[in-house]
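Read the structure below first, then the notes.
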There are 2 protein chains.
Amino acid sequence: MQISSRFSVAVHVLALLATHRPTDGLLTSERMAGSVNTNPVVIRRILGQLKKAGLVEVRPASGGTFLSRQPAAISLLDVYRATEVVEAGQLFSIHEQPNPACPVGRNIQAALNDTLQRAQAALEQQLATVTLQQVALDIVARTAVGVG
Amino acid sequence: MQISSRFSVAVHVLALLATHRPTDGLLTSERMAGSVNTNPVVIRRILGQLKKAGLVEVRPASGGTFLSRQPAAISLLDVYRATEVVEAGQLFSIHEQPNPACPVGRNIQAALNDTLQRAQAALEQQLATVTLQQVALDIVARTAVGVG
DNA sequence: GCAGCTGTAACCAAGTAGATTACAACAAGG
DNA sequence: CCTTGTTGTAATCTACTTGGTTACAGCTGC
């Protein structure tokens, strides 16, 4: 089982916004969908989540989406949380109903919980160290190489 | 999306093996299923994975499963890998076909890959620090409290 | 008013997990 | 030898999630 691609699509969309120049015209959901290669509705759904998390502002009918903060102030953890690929603290799932008549069954959940929380926190801390700005700069750098 | 409960069930099964006393009789898949509260076939499937990973030995027809190593020599990362809840290096999924005509689309995968690999590695390193022995001792300690 | 875009609901196809049934293969004891 | 009990595994089923798609209401700005 994998973490949903909603997360990587969201980063993609935010990278588009971060590197977009106003002179290129409006960045509509349809144009973003063209870059991600998916359906505009999928993009709008994700934009809705990013908007709810306060990462972007969307002009409802006239088109156009803008970052609410500087790219340097948006971490990949913010995006991860915003896209709710995982309910908070629930990356691992533990079997729900072990047998309470058995010592192991009675205590396995508690015994595992701390460890799994720590593992999940380690993952999230890594995501917190990377900003949208870094991703955008990385893309620009790679583009330059590709062009040259 | 969550990481499959196969992992927590596998830890449960191994904890049963680690705390099991031979005087209590054979630990069959049916008895383990009773503790986990699932179907014996689910247990046997997971035992098959643990066996393939060299963590347990199963006596084919006469019943009985045993740890191949000391509990202190089995880490939760070993179990995580054995249960293949995630193909190696693929915890995150990235949308497959971004538009190569777009600079962002052309480079998003490469730009994200390193970061996501690091996040995943951080999670796995945390799992590597915990052994089956620690889990088993934790369960025993909690059991004692519950009994007293 | 009209064109174009967003916001959402509704539905579909595909993939995955876990539960369950069924059965072949085989070890061990009488 | 043959019966019993267990493992190994295939096949099926239901439930759930995801991403894709269609449809349409609501709204903005010219």
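We name chains A, B, ... by the order of the sequence lines, and we start the count at 1 in each one.
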Looking only at heavy atoms, which two atoms of Pro71(B) and Thr131(B) are closest? And how far apart?
-> O-CB, 3.9 Å
Which is true for Val58(A) with a 4.0 Å heavy-atom rule: it touches a base, it touches only sugar-phosphate, or it touches nothing?
-> sugar-phosphate
Atom pair distance, as rounded to whole Å: CG in Asn39(A) and C1' in dT6(C) = 14 Å
Does a nitrogen or oxygen in the side chain of Lys51(B) sit under 4.0 Å from OP1 or OP2 of dG8(D)?
-> yes
Let me know the distance between CD of Gln2(A) and P of dA17(C), rounded to the nearest Å.
-> 10 Å
Comparing Arg44(A) and Asn37(A) on DNA chain D - which has the more 5′ nearest nucleotide | Asn37(A)
Would you call the rings of His95(B) and His12(A) parallel, tilted or perpendicular if under 30° counts as parallel and over 60° as perpendicular?
-> tilted
Please determine if a side-chain N or O atom of Ser5(B) lies less than 4.0 Å away from the OP1 or OP2 oxygen of dA17(C).
-> no
Rounded to whole angstroms, how far apart are CE on Met32(A) and C1' on dT6(C)?
-> 11 Å
Quick one: is dT7(D) close enough that its OP1 or OP2 comes under 4.0 Å of any side-chain N or O from Ser29(B)?
-> yes
Whichever of Thr65(B) and Ser93(B) has the more 5' nearest nucleotide on DNA chain D, that residue is Thr65(B)
Scan Leu50(A), Val58(A), Thr28(A), Leu27(A) and name whichever one has a side chain to side chain contact (heavy atoms under 4.5 Å, CB included) with Thr65(A).
-> Val58(A)
Of the nucleotides dT8(C), dG20(D), dA19(C), which one has an atom closest to the side chain of Val42(A)?
-> dG20(D)
Rounded to whole angstroms, how far apart are NZ on Lys52(B) and P on dG8(D)?
-> 12 Å
Any Thr28(A) side-chain N or O less than 4.0 Å from OP1/OP2 of dC5(C) = no
Winner on side-chain proximity to Ala61(B), out of dC26(C), dA23(D), dA19(C), is dC26(C)
Can you tell me the distance, in whole Å, between the NE2 atom of His95(A) and the P atom of dA17(C)?
-> 17 Å
Please state how far atom CG in Leu26(B) lies from atom C1' in dA27(C), giving the value in whole angstrom units.
-> 12 Å
Quiz item: Arg45(A) side-chain donor-acceptor pair to dG20(D) base, under 3.5 Å | yes
Contact summary for Ser75(A) and Ala128(A), nearest pair of heavy atoms | CB-O, 3.7 Å
Atom-to-atom span, CD1 of Ile43(B) to P of dT20(C) - whole angstrom | 12 Å
Looking at Arg6(A), does any N or O in its side chain come under 4.0 Å of the phosphate oxygens OP1/OP2 on dG19(D)?
-> yes
Run the salt-bridge test on Arg118(B) and Asp114(B) with the 4.0 Å N-O cut-off and return the result as yes or no.
-> no
Grab the CD1-P distance between Ile46(A) and dT8(C) for me, whole Å please.
-> 15 Å
For dG18(C), does either OP1 or OP2 sit under 4.0 Å from a side-chain N or O belonging to Ser4(B)?
-> yes
